[in-house]
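Keep in mind that what you see is a predicted model, and the values were worked out from it rather than measured. To find a chain, count down the sequence lines: A is the first, B the second, and so on, and within it residues start at 1.
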2 protein chains.
Amino acid sequence: MRTPTGPAGSGDISAPVAADARGARGIPDATVARLPVYLRALTALADRGIETSSSQELASAAGVNSAKLRKDLSYLGSYGTRGVGYDVEYLRYQIAREIGLTQDWRVVIIGIGNLGTALSKYGGFTSRGFRIVALVDGDPSRVGERHGELTIGAVDDLPDLIRELRISIGVISTPGGAAQEVADRLVKAGVTSILNFAPTVLSVPDDVEVRKVDLSTELQILAYHEQRKTQAVTQL
Amino acid sequence: MRTPTGPAGSGDISAPVAADARGARGIPDATVARLPVYLRALTALADRGIETSSSQELASAAGVNSAKLRKDLSYLGSYGTRGVGYDVEYLRYQIAREIGLTQDWRVVIIGIGNLGTALSKYGGFTSRGFRIVALVDGDPSRVGERHGELTIGAVDDLPDLIRELRISIGVISTPGGAAQEVADRLVKAGVTSILNFAPTVLSVPDDVEVRKVDLSTELQILAYHEQRKTQAVTQL
DNA sequence: TAGATTGTTAATCGATTAACAATC
DNA sequence: TAGATTGTTAATCGATTAACAATC
């Protein structure tokens, strides 16, 4: 099904690697979305001093079933041992490498309102291979304001900041109306990964990856289910 | 495929309703997740004074293709007119009703740190049928602190707050370590819809709906794709 | 060796898409 | 009526799951 694309993959790491799975790449989207969850579960197990874990145990910690977990991991290679389970530290490293967390990713946040400020202070990023290296806001009166180690820059500074600080990910936390223009500027400056918190559908070229986090959409989905529950009782 | 469950659905609204689709209910998850996006697109069109819209136009505004949009809308009923398109205001109302936005949903935020504070100030909720009616924090020294019209309560106050303020949705923005306990308390107090921002897999009963928003997971997914792109160039 | 658990296969399920008959 | 566009069908695609042979 998967089209082999010749010699792909990063430098070979000594490991019992299913050459095929590695070479072919193209891990399913649904699997990619779960790898960070597995990573976190493994880190939690490691913190508790656990060295080996079965797919059953790991799956339970990640909130999925074990068949799905094994299937997911099989796309990365054969990192388990039959009859035994997975070496926690080893698997953790393999997943981190697959995601690309062996390097640091540099992030700019555009839009330093309530949410942008919260994101800039959020510790969870830093600890996981991401570094916020620049803050930008469209309001000229905010430019120059200090936030911890960083100073808010102007939107016009974006191209320079991105080049000089080798930024590869842009986080948009502006009001909806400004989001598309910011995205355009990011793309123009060469950024191909965007995390969008603005309530706006962005249009970007095909090679740009956009993830959207929409707070009120999430609440609306909950509301739909909540309504269904109460309707079942309040039936006319 | 869908099992008809007898007379379901809220009070009949005069409308050209496909009784079957309405009665059967059980709209696919993927469709439910897109309804808020359509709703927003319709609102934007209405604001621009547009009264009628084709599936093509609407789909483009929502960032999907028109086949998917029509299929999605077909689960709600037949609200369009062949040869013409959809009446923007009418469709907007039907989707809002389907999601349950004709009523106000009352929300409590637990964990008033950077993110919780940002969420409490975020205007996007209020305008879309959600009202944050209570703030709670686990740190006793924060209890009593005023945030706009609200005062931070203690975690022990949760049961009373939920009952008295008729809260149906809980938003968890605590540190990861506290999230499960907070979820347990919410569930105990009868909340069956949770939006979880903590980096923790929650375990809850089957009838409780949990949506998870995980900021560093999103960045990790971007990193995976970003890595793949640069690898294609930096090939060994 | 016997017991345990992975990695993989194959079946199933749900979501997407193209195409077109129905109908305004 | 002719043109436009929906609502639906059927094909395709991708994701999930159960089951078990491989193997530690």
Side-chain angles (χ1 to χ4, degrees), chain A residues 1-3 15-22 24-35 37-38 42 50-88 90-91 94-95 221, chain B residues 1-3 15-22 24-35 37-38 42 50-88 90-91 94-95 221:
Chain A
M1 204 108 313
R2 232 148 264 310
T3 50
V17 166
D20 206 40
R22 285 283 308 291
R25 281 300 173 84
I27 297 175
D29 286 345
T31 297
V32 170
R34 283 187 294 264
L35 293 180
V37 182
Y38 300 155
L42 286 163
I50 294 168
E51 296 183 354
T52 301
S53 181
S54 68
S55 62
Q56 184 61 248
E57 185 180 18
L58 193 47
S60 147
V64 300
N65 66 49
S66 67
K68 190 185 279 182
L69 177 116
R70 288 202 303 280
K71 183 107 236 257
D72 283 341
L73 294 184
S74 77
Y75 291 111
L76 313 191
S78 295
Y79 295 135
T81 307
R82 288 167 203 239
V84 178
Y86 300 91
D87 181 287
V88 169
Y90 179 60
L91 183 58
Q94 292 300 339
I95 294 180
I221 295 170
Chain B
M1 203 110 311
R2 230 151 267 309
T3 50
V17 165
D20 206 41
R22 283 286 306 291
R25 280 301 173 82
I27 298 176
D29 286 345
T31 297
V32 170
R34 283 188 294 265
L35 292 181
V37 182
Y38 300 155
L42 285 163
I50 294 168
E51 295 182 354
T52 302
S53 180
S54 68
S55 62
Q56 184 59 247
E57 185 180 16
L58 193 46
S60 147
V64 302
N65 66 49
S66 66
K68 189 184 281 181
L69 177 116
R70 288 201 304 278
K71 185 110 237 272
D72 283 341
L73 293 185
S74 77
Y75 291 110
L76 313 192
S78 295
Y79 297 136
T81 307
R82 291 168 200 237
V84 178
Y86 299 90
D87 181 286
V88 169
Y90 179 60
L91 183 58
Q94 293 300 340
I95 294 179
I221 295 169

- Looking at residues at least two apart in the chain, or sitting in another chain, which of them share a side chain to side chain contact (heavy atoms under 4.5 Å, CB included) with A/Arg70? A/Ser55, A/Ser66, A/Tyr86
- Contact class for A/Ala67 (heavy atom, under 4.0 Å): base, sugar-phosphate, or nothing? base
- Return the value, rounded to whole Å, for the distance between atom CG of A/Asn65 and atom C1' of C/dG7. 15 Å
- Message: Tell me whether the side-chain N/O atoms of A/Ser55 come closer than 4.0 Å to OP1 or OP2 in C/dT5.
- Response: no
- Task: Quickly work out the A/Leu73 CG to C/dT5 P distance and round it to whole Å.
- Result: 16 Å
- What residues, two or more places apart in sequence or in another chain, satisfy side chain to side chain contact (heavy atoms under 4.5 Å, CB included) together with A/Asn65? A/Ala67, A/Lys68
- Query: Do the side-chain N or O atoms of B/Tyr86 get closer than 4.0 angstrom to the phosphate oxygens (OP1, OP2) of D/dG7?
  - Reply: yes
- D/dT16, C/dT17, C/dG7: which one has an atom nearest the side-chain heavy atoms of A/Arg34? D/dT16
- salt bridge (Lys or Arg N to Asp or Glu O under 4.0 Å) partners of residues 72-84 of chain A, not counting sequence neighbours, each pair once: A/Arg34-A/Asp72
- Would you say the side chain of B/Asp87 lies within less than 4.5 Å of the side chain of B/Thr81, judging by non-hydrogen atoms? no
- Message: Checking B/Ala33 now: which residues fulfil side chain to side chain contact (heavy atoms under 4.5 Å, CB included) with it, not counting sequence neighbours?
- Response: A/Ile221
- Query: What is the distance from CG of A/Asp72 to C1' of C/dT6, rounded to the nearest Å?
  - Reply: 14 Å
- Task: Using whole Å, report how far NZ of A/Lys71 lies from C1' of D/dA18.
- Result: 12 Å
- Are any non-hydrogen side-chain atoms of A/Thr52 and A/Val88 less than 4.5 angstrom apart? no
- How does DNA chain C read in dot-bracket, base by base from 5' to 3', with Watson-Crick or G-U pairs under 3.5 Å and | used when the partner is on another strand? ..||||||||||||||||||||||
- Flag the pair A/Val64 / A/Val37 as yes when at least one side-chain heavy-atom distance between them is below 4.5 Å, and no otherwise. no
- Between D/dT9 (C1') and B/Tyr75 (OH): distance, integer Å: 12 Å
- Query: Any side-chain heavy atom of B/Leu73 sitting closer than 4.5 Å to one from B/Tyr38?
  - Reply: yes
- Message: Rounded to whole Å, please give me the gap between CG in A/Leu69 and P in C/dT8.
- Response: 14 Å
- Message: Just to verify, what does A/Ser53 make a side-chain hydrogen bond (donor to acceptor under 3.5 Å, both in side chains) with, not counting sequence neighbours?
- Response: A/Glu57
- Query: Separation of A/Ile27 atom CD1 from D/dA15 atom P, in whole Å?
  - Reply: 12 Å
- Nearest-Å distance for atom pair NZ/P, residues B/Lys68 and D/dT6: 17 Å
Under 3.5 Å, which protein N or O atoms sit close to an N or O of nucleotides 20-24 of chain C? Give each pair with its distance.
residue, atom, partner, partner atom, Å
C/dA22, N3, B/Arg82, NH1, 2.8
C/dC24, O4', B/Arg82, O, 3.4
C/dC24, O2, B/Arg82, O, 3.4

